[in-house]
Amino acid sequence: MDRKLHFLESFNANGSDGTTYKVCGYEHLVRDVSVAGGVERWAATGEVEYRLADGGRIEVRRDGSMRIERTGVELSVPAEAPATSP
């Protein structure tokens with residue numbers, strides 16, 4: 001099954017280490033093979049993931065808190081932080 005990521009949003013988050021990180025949100029898409037005639041269509045799976053701008057993975061917990069997987073740095077998002085485009 002073909003899969004790809006679709007960019008949703010980006011925002012800055014403050015790390016528990018004092019660093020500001022750029023966080024990017026993506027939704028998972030799968031190729032929709034129900035359409036004939038060579039038209040490429042993709043369907044959302046409902047799965048979303050967040051990564052750092054450098055590709056590092058972020059764990060998002062049920063309570064909405066975030067942690068950088070490789071370092072354990074906790075991230076917090078300022079309340080006034082608007083989402084941005086790529």
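A distance of 9.5 Å separates CG in L75 from OG in S65, rounded to the nearest 0.5 Å. Atom OH of Y26 sits about 11.0 Å away from atom CD of E9, to the nearest 0.5 Å. Atom OH of residue Y21 and atom CD1 of residue I68 lie 4.0 Å apart, to the nearest 0.5 angstrom.
Looking at V77 and F11, their side chains come closer than 4.5 Å, going by heavy atoms from C-beta outward. Counting only heavy atoms from C-beta outward, the side chains of L29 and L5 never approach each other to under 4.5 Å. Between V23 and N12, the closest side-chain pair of non-hydrogen atoms is not below 4.5 Å. Inter-residue side-chain proximity for D54 and K22 is flagged as unmet; no heavy-atom pair is nearer than 4.5 Å. Here the side chains of C24 and F7 are in contact, with some heavy-atom distance below 4.5 Å. The side-chain heavy atoms of R31 and W42, taken from C-beta on, include a pair separated by under 4.5 Å.
A donor-acceptor pair is defined here as one N or O able to donate and one able to accept, closer than 3.5 Å; such a pair exists between the side chain of T45 and the backbone of H28.
S76 and P78 make their closest contact through O-CD, 3.8 Å (heavy atoms, listed as atom of the first residue, atom of the second, distance). Nearest heavy atom pair, residue G56 against residue R70, reads CA-NH1, 3.3 Å. Considering every non-hydrogen atom in both G15 and V73, the closest pair reads CA-CG1, 3.8 Å.
By the salt bridge (Lys or Arg N to Asp or Glu O under 4.0 Å) test, E74 is found to be paired with R61, residues two or more places apart in sequence or in another chain being considered. Shown here are the salt bridge (Lys or Arg N to Asp or Glu O under 4.0 Å) partners of E47, two or more places apart in sequence or in another chain: R3.
Tested against I58, the residues R67, M66, E69 include a single side chain to side chain contact (heavy atoms under 4.5 Å, CB included) partner, M66.
Checked for salt-bridge contact, E49 and R51 meet the test: a charged N lies under 4.0 Å from a carboxylate O.
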